[in-house]
Amino acid sequence: MPEHEQDDQQREFDLRWADGAEHKEPSARARMLAARWKHNPPGPVPFRAGPEYAGSRRRSSWISTAVVLGCVAAVIVLLGYINFRAPY
């Protein structure tokens with residue numbers, strides 16, 4: 001059997017052995033966070049921001065749509081005016 005095939009078989013065996021381990025060591029980040037949180041646990045964080053974090057009142061969707069359509073219409077009119085005034 002060629003040497004590279006033996007290496008592949010050995011590597012496959014090592015991966016199966018590692019995947020089958022009963023205990024897997026946590027990552028360095030997990031160990032760091034566990035050590036930090038041991039003395040200073042994190043506080044609860046809401047999934048969604050409450051009303052005090054929502055900021056200013058949002059505009060309704062029809063107002064936003066009207067503003068966008070107004071801007072598009074203004075650009076079309078401006079381009080038409082420029083083309084009308086351009087000498088041929």
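All heavy atoms count here, side chains included; hydrogens, waters and symmetry mates do not.
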Checklist entry - Just one of V75, V77, I76 clears the side chain to side chain contact (heavy atoms under 4.5 Å, CB included) bar with L79, so which one? => result V75
Checklist entry - How long is the span from the OG atom in S27 to the CG atom in L33, to the nearest 0.5 Å? => result 8.0 Å
Next on the checklist: Does atom CZ (R36) have a neighbourhood of more than 12 heavy atoms from anything else shown, all under 6.0 Å?
Outcome noted: no
Checklist entry - Shared ILVMFWY cluster between W37 and M32, side chains joined below 4.5 angstrom? => result yes
